[in-house]
Amino acid sequence: MASEPAPLATRSRSLVAWFARHARTFPWRENRTPYRVWIAETMLQQTRAATVVPYFETWMTRFPDLEALAQAPRSDVLATWQGLGYYRRARALHEAAVHLVRDHGGTFPTTETGWRALPGIGSYTAAAILAFAQGERTLAIDGNVRRVAARLLAHPAPKDAEIREALLPLLPRRQPERGTEALIELGATVCTPRQPRCPACPLAPACQAHQQDAVLAYPAPRARRTPPTRNRYALVHLRDDEILLERRPDEGLLGGLWGFPQTETLPTGRALPALRHAYTHFTLHLTPIVTPETPSALTDATRWTPVHQLESLPLSNVDRRVLDLLDQEGLLASTS
DNA sequence: AAGGCGGGGGC
DNA sequence: GCCCCAGCCTT
């Protein structure tokens with residue numbers, strides 16, 4: 001007969017000790033003000049920590065506090081976010097900053113309800129801020145913690161309420177946020193999706209999946225379908241050292257970023273090699289067309305842009321790739 | 001409950 | 001290639 005796994009509460013000290021020894025160093029783990037934690041946790045949404053580091057450093061130089069962010073033009077905010085993805089997050093940060101300065105005396109919320117009323121802050125981020133910036137005893141449930149919980153409980157898909165009930169006893173009495181962060185760190189570095197390192201895990205004695213030798217069976221894999229392909233053309237209008245760019249609508253894909261106008265039907269002009277770009281829900285096949293035609297409709301969102309201004313403009317990665325292609329073809333009459 | 005929303009690291 | 005990442009929001 002198999003022995004019972006140890007109760008989770010008995011592993012609290014081990015978890016905290018493991019974290020004290022193995023925690024990675026990140027800039028947002030220093031000087032934990034509400035502003036810094038808010039920015040970091042927003043950047044970390046669906047984004048690997050290592051990717052976030054340089055963006056966080058640049059952001060803090062450019063927008064060191066709430067007032068600086070509130071006063072910044074939105075295009076500067078987007079340009080700083082460029083390449084990080086999910087650009088709605090940048091808009092939400094800016095909108096929240098303007099709101100807090102204008103209507104809230106430049107002070108931050110202190111309650112979960114207050115934080116969650118801000119755009120871009122959901123269940124995870126609110127809990128993370130309460131824990132890391134305010135020291136509250138709360139569990140921040142992200143993808144890491146979900147996976148750790150699924151394995152500890154040998155449950156295919158535990159709900160947040162079940163995770164809270166089961167894992168709250170792991171938080172230490174003093175500075176409970178150490179336990180909250182340790183669970184996230186554990187999922188990111190030990191209890192990983194593909195190659196978990198169970199021998200190094202401080203919770204292994206309490207892990208039901210480990211005891212059943214079925215760690216990889218939890219959590220249950222998500223149903224997934226291959227995203228469809230969209231064929232588009234990127235219109236490349238060149239005029240001396242200027243390029244015609246279009247600003248995308250605020251809402252939707254790459255909202256607020258600039259880029260080459262795209263069409264579904266083949267325009268006249270010279271085709272460059274197509275490039276493939278994978279988004280979450282579709283794969284883009286983009287063929288740049290260098291067209292001699294005069295652009296038909298110049299709208300407010302359309303602008304002839306000097307090549308030397310391209311650096312400071314928020315552009316998506318796919319549009320950067322088109323630019324690289326033009327450069328390789330020698331089509332960017334560089335003034336250098 | 002499901003799908004839109006980026007980009008990249010790691011296998 | 002595929003999976004998933006310190007998720008949020010709308011429908």
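Letters A, B, ... mirror the listed sequences (proteins, then strands); counts begin at 1.
Nucleotide dG6(B) forms no Watson-Crick or G-U wobble pair with any nucleotide shown, as no partner meets the under 3.5 Å limit on both distances.
Between Thr125(A) and dC8(C) there is a side-chain polar atom (N or O) within less than 4.0 angstrom of OP1 or OP2.
Using a 4.0 Å heavy-atom distance criterion, Gly122(A) is classed as a sugar-phosphate-only contact. Counting non-hydrogen atoms under 4.0 angstrom, Thr42(A) reaches nothing in the nucleic acid. Backbone-only contact: Leu253(A) has heavy atoms under 4.0 Å from sugar-phosphate atoms and none from a base. Residue contacts for Arg320(A): at a heavy-atom cut-off of 4.0 Å it reaches no nucleic acid atom on any strand shown. Using a 4.0 Å heavy-atom distance criterion, Tyr124(A) is classed as a base contact.
Residue His281(A) has its side chain nearest to dC5(B) when only dC5(B), dG8(B), dA6(C) are considered. Each of dA6(C), dC2(C), dG6(B) was ranked by its minimum atom distance to the side chain of Arg24(A); first place goes to dA6(C).
The residue among Arg48(A) and Arg88(A) whose nearest nucleotide of DNA chain B lies closer to the 5′ end is Arg88(A).
Here Glu177(A) does not pair with Arg32(A) in a salt bridge; the nearest charged N to carboxylate O distance is not below 4.0 Å.
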Please report the C-alpha distance between His277(A) and Tyr279(A) in whole Å, then the side-chain angles of each, then the deciding distance to 0.1 Å, and finally whether the ring pair (Phe, Tyr, Trp, His ring centres under 6.0 Å) criterion is met.
CA-CA 7 Å; His277(A) 191 80; Tyr279(A) 291 100; 4.7 Å; yes
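With hydrogens and angles disregarded, a donor-acceptor distance shorter than 3.5 Å links the side chain of Arg151(A) to the backbone of Val215(A).
To the nearest whole angstrom, the two P atoms, one in dA6(C) and one in dG3(B), are 24 Å apart.
No option in Phe63(A), Trp59(A), Phe56(A) other than Trp59(A) meets the ring pair (Phe, Tyr, Trp, His ring centres under 6.0 Å) test with Trp81(A).
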